[in-house]
Every structure is written in C-alpha cells, then in structure tokens.
Protein chains: 2
Amino acid sequence: MLQPIELSQSTRLINHGPTVMVSAEHGGVANVMSVAWACALDYAPSRLTVVLDKGAFTRGLVEQGGWFAVQVPLAEQAEMVMAVGSQSRKNNPDKLADCGVELFYQEGFGVPLVKGCAAYLICRLLPEPHNQQSYDLFIGEVAAAWADDRVYAGGRWLFDSVPDGLKTLHYVSAGQFYRIGSGLKVE
Amino acid sequence: MLQPIELSQSTRLINHGPTVMVSAEHGGVANVMSVAWACALDYAPSRLTVVLDKGAFTRGLVEQGGWFAVQVPLAEQAEMVMAVGSQSRKNNPDKLADCGVELFYQEGFGVPLVKGCAAYLICRLLPEPHNQQSYDLFIGEVAAAWADDRVYAGGRWLFDSVPDGLKTLHYVSAGQFYRIGSGLKVE
C-alpha cells in the first residue's frame, strides 16, 4: 500500500541509484520511458535530475506539460522496464498497453503513474532551457512522494527482508540489470 | 589490476547508481569526498554530473583546478567512504591519512585517485557557473577511465561471482548502505 513520504526524506527513494521510469501527460496523451540516468539534486527543496534524450516522446510531454513523475520499479517489473525503455510511442501508439503498463493517478495531480512500483516522486519541471538543450538534462522539484510499504517503511528500505522480486533494479547495458543487494551499516 | 576502459563504455562504470568518491587537487593540496549524487549524462562525449555542496573543501579544488576524478568504491571500503563523507579537510588537514586514504596517480594526469576502488573516471570540468552556483551541480567530461579486473572485465561487471567485499556501495542515509546484488538479464 502506498504511504506518503515527507518531501525532506524523498531523496532516500532514489539515493541508492535505482533505474527509474519517467512518466508524463499533456493534452490527454500519456507516456512512460525508462531512465537509468536519474539522480537526487537537493534535499530542501527536494529536487532531482533526469536525462531525457531528444528522441524520447516523453520528453515532449514533460516540456509541454511542465510536470513529470519518477517511479522506482521493482525487479518483478524488469521486462516492462526494458520494454518501455526500448519501444517509442512515436512508432507505436499502443506502446503502454503492449508493454503491460497500467496507469493510475494520485488525487490532486494530473501526472500518470505506473502501477506496481516501489516509490513515486511527482515533480514540477524547473525550466532550464540551456541544460535541456545542451545536455538533455531536466531538473524537477518534488511536489509529492509515496512509497509502497511492502518495501519501504519507517523511513527505510526493507531490502534485507523482501524477496528478490521486490528489490530495486540497477541497469548496466544490453539488458543487464542488477538487483539491489544486502545492507551494510557503518556506525 | 586496473585496465583502461574505452570512453564510449565508461558510463557503464556508474550506470547502476553506485555511491562514489570525488577527488581533486590544486596548488599541491589534494582532497577526497564521498558523493551519493553522481550520475552519467552522455555517452559521446562521455560526461557525468556530480553534486558538490558549497561547504565541501573538494569543491574549491575542482573549481580552481578544473579537473576531478570519480571513483567507485567497494563494500570493503565502506568505513573509509563514510569517514571521507563525514569529515571535512576544512577542520582536519590530516583528513585523508585519518580516514585511511592512500592516493595514487595515473600517468599523464595530475588528479589524485584513491587506492583500492573498483573503477576510476578522470574528468575535466565543463564550467557551468549557473548550475554550480544555483544547484551545486558540476558537469565533467571523462578524459580517461579504468576498472579493476577483479570486478569488471570484458565490458561487464562481475558482481555475480565476486565476494561481498568486492561489490559496489549504494548509500541511503545515516550510515546505511546496500551492496549491489544479483544479476538479472532481460533478452
């Protein structure tokens, strides 16, 4: 079940470097893409960066709509993550259905979210035209965040006690992911 | 043993989201800090981003010297990673020795590197004053990269066959890291 996460703690949802999916909607059109290059940028206000290639359909929705969501998928969703990262809605209007994506919305936000993920961060685009044009680099300010209490509770990930399917995904290249592994605490 | 990595493949060294250490040197002064917020930005030219807080001593060395290195530490170095991320050279001129850091240099580059890491990316700073001042965001262009063939060979990480101490570290908060886990290939 999704639980709201304080904005000041929302960077914890991506701090360990998972591969994410970015979703956006504009003019009644929604899309989702996979993004390995996403990173926290600030705690207060909570901000993050994502790299969105000029060829990506979702990038246009972000630029036009001014909002996007970053969601942290689980290992059990790996085939979907690979599929939405490989197909483009430019060539296939049925991309989301073909990739097995089911969308939902949280109250108060018109940003589509992908069912079944570990965590969600809804972001308002901070327009930085030079970064977007020169580096494909987009900055978002987190407006709301949630995590699934199967895998994140009490401000902590539960990776040491969940099954492999509920671990986050960390992409390398050519279809090769690693799941997050065991915890290590330095006092 | 360190092996050179083609620049076009160097983003693979950080693509899975490890916590890194950033090192730099200027005017005969070297320093190292831990950075959880590092991310690939482009393949060709190979570029990456790091977030360096205004309070960080290393940030000044990067700004003045124009070069820095991103290195990917191993789980067996977790205490050192925590220590160089907690102490500042501003308060302790002996920080590196106290944290157990041993530096070395690769031929042709005056950028200090930390012994014992999985991978190294030496970067030239691409000055972007607005990003640096407003967001603490620094962009580097990778000039050379190496990986330790105990953990990375033939263009691939060897995480499925190395012991826990040779896995990469993924920081969350308050001393809590996770090691990278098992592989998952989507064809």
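On a predicted model such as this, the values are computed, not experimentally measured, just so you know. Within every chain, numbering begins at 1; the chains are lettered A, B, ... in the order of the sequence lines, protein sequences first and strands thereafter.
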Next item on the list: State whether the number of non-hydrogen atoms from other residues, nucleotides or ligands found under 6.0 Å of A:Glu79 atom CD is greater than 12.
Entry: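 No.
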Examine whether an atom of [X] lies under 4.5 Å from a heavy atom of chain B, and if so say whether it belongs to the side chain, the backbone or both; otherwise answer neither.
X: A:Ile139; result: side chain
X: A:Glu187; result: neither
X: A:Ser173; result: side chain
X: A:Asn131; result: side chain
X: A:Ile14; result: neither
X: A:Asp136; result: neither
X: A:Ala75; result: both
X: A:Thr11; result: side chain
X: A:Val51; result: side chain
X: A:Leu126; result: side chain
X: A:Arg156; result: neither
X: A:Gln9; result: neither

Next item on the list: Return the orientation label for the A:Tyr43 and B:Trp37 ring planes: parallel under 30°, perpendicular over 60°, tilted otherwise.
Entry: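 A:Tyr43 and B:Trp37: tilted rings.
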Note to self: Testing the basics here: between A:Pro18 and A:Leu13, what is the closest heavy-atom pair and its distance to 0.1 Å?
What the structure shows: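 Heavy atoms only, the tightest pair is CG-O, 4.0 Å.
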Note to self: Minimum heavy-atom separation for B:Ala143 and B:Trp67, please, with both atom names.
What the structure shows: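 So the two residues come closest at CB-CZ3, 3.7 Å.
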Notebook entry, point to check: Side chain of B:Asn15, backbone of A:Val172: donor and acceptor closer than 3.5 Å?
Noted result: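 Checking the backbone N and O of A:Val172 against the side chain of B:Asn15, a donor-acceptor pair under 3.5 Å is found.
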Notebook entry, point to check: Is there a donor-acceptor pair under 3.5 Å between the side chain of A:Arg12 and the backbone N or O of A:Gly155?
Noted result: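 Judged by distance alone, yes, a pair lies under 3.5 Å.
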Check: Quick one: are the ring centres of B:Phe109 and B:Tyr120 less than 6.0 Å apart?
Finding: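 They do not qualify: ring centres at least 6.0 Å apart.
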Check: Do B:His170 and A:His170 have ring centres separated by under 6.0 Å?
Finding: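 Yes: the rings meet the under 6.0 Å criterion.
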Notebook entry, point to check: Any idea which of A:Ala36, A:Ala83, A:Ala40 has the most non-hydrogen atom pairs under 4.5 angstrom with chain B?
Noted result: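 The option with the most such pairs is A:Ala40.
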Item checked: Largest heavy-atom contact set with chain B, pairs under 4.5 Å, which of A:Asp42, A:Asp164, A:Thr49, A:Asp53 ->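 Top count of heavy-atom pairs under 4.5 Å with chain B: A:Asp42.
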Notebook entry, point to check: Under a 4.5 Å heavy-atom cutoff, which of B:His16, B:Met82, B:His130 has the most pairs with chain A?
Noted result: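 Sorted descending by pairs with chain A, the first entry is B:His16.
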Checklist line | Among the listed options B:Leu137, B:Leu41, B:Leu169, the residue most often paired with chain A at heavy-atom distances under 4.5 Å | finding: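 The option with the most such pairs is B:Leu41.
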Item checked: Salt-bridge present (B:Asp98, B:Lys95; N to O < 4.0 Å) ->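 No, B:Asp98 and B:Lys95 are not salt-bridged.
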Checklist line | Residues B:Glu128 and A:Tyr135: side-chain donor-acceptor under 3.5 angstrom | finding: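 Yes, a side-chain donor-acceptor pair sits under 3.5 Å.
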